[in-house]
Amino acid sequence: MPPTTVTVAPGLSSFLKSLKNTPVDSSIEHFIALLKRRQIRNSRPCAIATTQLLLRVVAEFKFRDVDKLLRRVREVGQRLIAAQPREMVVGNIVRRVLGLIREVAEDDAEVDTNAISDIGNSPVPLQSEFPRPTLASSMSTFSPLRYGSTSMDSSLHQSESMSDQGELPHRPPLLTSHTSYSVPNAPMVTSLFGLFSHPDSPSASSTPTGYNSPNGKGTLTAQNLERLSESTSSKANIKAEVQEGIKELMDELEQSDDLIAANALDHIHSNEIILTHSASTSVQKFLLAAAKKRKFTVVHAEAHPNDHHATHAMTLTGTKRDYDDDSDAEDRWKPLTAAGITVVMIPDSHVFAIMSRVNKVILATHTVLANGGLVAAAGARVIAKAAKVHQTPVVVVSGVYKLSPVYPFDIEELIEYGDAGNVVPYEDGDFVDKVDVDNPLYDYVPADLVDLYITNLGGHAPSYLYRIVADHYRVEDINL
Amino acid sequence: RRRQSLSIASTKEPKGEVKQYAKQAFGLFGHLSGVPRNHSLVGVSKEVHPAVLALGLQYSSYVICGSTARCVSMLLAFKSVIESYTTPSGTALARNLVSHVLSPNIEFLKSCRAISISQGNAIRWLKDLIVKIDPSVSESEAKSHLLNSIDNFILQRITAADELISLNASQKIQAGDVILTYASSSIVQTTLIKAHKAGTPFRVVVVDSKPLYEGKRLAKTLAKHGLQVSYGLISSASHAIKDATKVFLGASAMLSNGRLYSRVGTAIIAMLADERNIPVIVLCESVKFTERVALDSIVGNEVAPSEELLSEAERDVLVPLKPLNRDPSSDIAADKSDARTWWM
């Protein structure tokens, strides 16, 4: 435990401060403890803490092997996710970082292969006539090549077979993904043999015909040696590039609200009545951006009994009271009322009654799922349904970092239940004793109740989200 | 006497709103902000009977809250008004009682809390009864006639009606049912207890809402009778409805276009039930039927002071905002205002 936590109540800011001068492993333990104790909660703080932690993990990683780095990040990620499975943002960030590492490694590999194939093409005329086939990563274990070339360079294959054995238990998704469809040009990092695939190869067969000639063998070893000498220099950059990428991810987290808010004027016209729910910085910024130009009315459902203090604080001061972050110092928060907006606070029970006057519903979210559904503060489902019944458009405002590649097969397991004491105080012992009190913190809102998502990439239909998922996450990483 | 409302269209809610600090009336419910609520006995007309005074305070502090309870208690208070009434010389009871005695009492009750539909119906019936009294009948006879009629009205229109409704409704509850109910309705409570005593094994889910938490009392009473009860607030309604097999609702009024007028939030429950094709059963005495029609919850509704939405601590938090609005240089049209409702 870092000394800062003795004086300060542990939370996001104290954790970020302690990161710099604590060894990574104890930082990981610290973060896991904070997640379990719910001292870091909600999407944004979790996302920031996870990115910062992974940045440190990558920075302190000592080996040069990409596989080992991937394995290390995944192992850390699994522990973080196990600590608090319902903070899905943690998993999202881990997957983003894993995807980043893969991307960097592949770019690197591509540069290498191109360099090698250029060298390889000139002495061997064969390769222009016979297109070089793509090798599936698992082929290296079975191909005749392996036995053919052991005589040439046994040390290489020993190390390779070791890494292959290490691979099998750890990475089933990768192997299957490459063996089930042996795609031409599929970038492969798993084994060195993958690096030999020619990027322009038209053939999709995984039979290594071209290599069976004695010439093929000769080039192989030449290339192997070439590759070995190359690898030492190139892998030093990978780490730096990955760190660079994680810093970009940090920037994305910081800027996402402003990017979302940039869309505000396209969606809010003057004299509208807008219904929103629970306290959310994204929604607050979105409405403030529109308030600069237009006058409208905001009806704010307070999300009693879990978020109402934060909601009240949001309407009074413009920021959640318990939300401590450095950005607080940078831009002074203003309540919407200060921007000349009429804000009406209503209890959750009034939602249906008031809906006939509402032009637009803007919802904040906890997590967005790949099928276009979302998990938001309890009460959101009722609001979305009431809006549907009244034909009122529902707009969900969310950063891409909240978009999770997970499909909700079991909705119940997404829902967290909170302190029943918020609903009925424990002083009322007689009541608590006899009656079961429920306090779900979240609602699952199915995709058909949502009309539009606004993320930092712009506006999307709920049915389009799976594309954004595909752009941001690798298939290999979806099941961590 | 029992109505089934199976669609969202047949539900309607009261909704009220009062501006807190703003100078201009706020647009949404400006037409509804009526006379501020009376919480004291200062400046009350001398005609108001002590029993009615006490009753008025019970209304405004929600000690007597339900529509039926308010109706019965009002009629009983009027009985004591009539008992202590003597006709002044030179006028007839039929002329004097309504305009000079009953009206100030009714006005006082109205100032404590808006009159519910059932109360309105009862008042209309009582006035009609008084006006039709034959002037030749002696005062004591007329008074005893009135007192008996009031007793009969309560017996027939409310007590017997409740008995019948709860008997019929409790037969709708089958073994293994999960009954969801919203807030607290006396008739729903009677029905559930009756079904439980008949030996039907079933479970109750009570959904409740800020700020009155009427459902707490219902849940406690049911639990005392040995029913299995679970309790949640309106924000958890979408989870609570998943288990439910039937929804029982109380009513404040049935409007003549077939819509139900009840506590704010009832429409949410009906909507969720409709979405899942769960039958919604409304228990409503015929005293609550009215000629009025309505399409939404905004045009006609009952208004309550917005402060009631906030706890003491939250009210303190709001205090710093006051100067903001009183400052003429500020460009704020309206500040935070709170809406607050009950059932009428």
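Worth saying up front: this structure is predicted, and the values here are computed from it rather than measured. Per chain, numbering begins at 1; letters A, B, ... match sequence-line order.
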The interface call for A/N306 against chain B, heavy-atom contacts under 4.5 Å, is neither
dist B/M271:CE -> A/H390:NE2 (nearest 0.5 Å) comes out at 9.0 Å
Subject >> 4.5 Å side-chain heavy-atom contact, B/S297 and A/S356 >> reply: no
Q | Heavy-atom check, side chain of A/K434 versus side chain of B/K224, under 4.5 Å | A | yes
Between B/S238 and A/R381, the two heavy atoms sitting closest are CB-CG, 3.4 Å
Turns out that what part of B/S236 lies under 4.5 Å from chain A's heavy atoms comes down to both
Shortest non-hydrogen pair, B/K210 vs A/S349, comes out as O-OG, 4.3 Å
dist A/K385:NZ -> B/E275:CD (nearest 0.5 Å) comes out at 4.0 Å
d(A/D428 CG, B/K220 NZ) to nearest 0.5 Å is 4.0 Å
Honestly, the part of A/L336 sitting under 4.5 Å from a heavy atom of chain B is neither
Exactly one candidate in A/V382, A/D348, A/V351 meets side chain to side chain contact (heavy atoms under 4.5 Å, CB included) with B/I234; the answer is A/D348
From the list A/I415, A/V424, A/D436, the residue making the most non-hydrogen contacts under 4.5 Å with chain B is A/D436
Rounding to 0.5 Å, atoms CD1 (B/I268) and CD1 (A/I383) come to a distance of 8.0 Å
Counting heavy-atom pairs under 4.5 Å with chain A, the top scorer among B/V205, B/V229, B/D208 is B/V229
When every non-hydrogen atom of B/A223 is compared with those of A/V435, the smallest separation belongs to CB-CG2, 3.9 Å
- [ ] Can you label the angle between the B/Y213 ring and the A/H304 ring as parallel, tilted or perpendicular, going by 30° and 60°?
- [x] tilted
Turns out that what part of A/D433 lies under 4.5 Å from chain B's heavy atoms comes down to neither
Within 6.0 angstrom of B/R217 CZ, more than 12 heavy atoms from elsewhere:
no
Whatever's closer than 4.5 Å to a heavy atom in chain A on B/K242 counts as side chain
From the list A/N439, A/D438, A/D443, side-chain hydrogen bond (donor to acceptor under 3.5 Å, both in side chains) partner of B/H239 resolves to A/D443
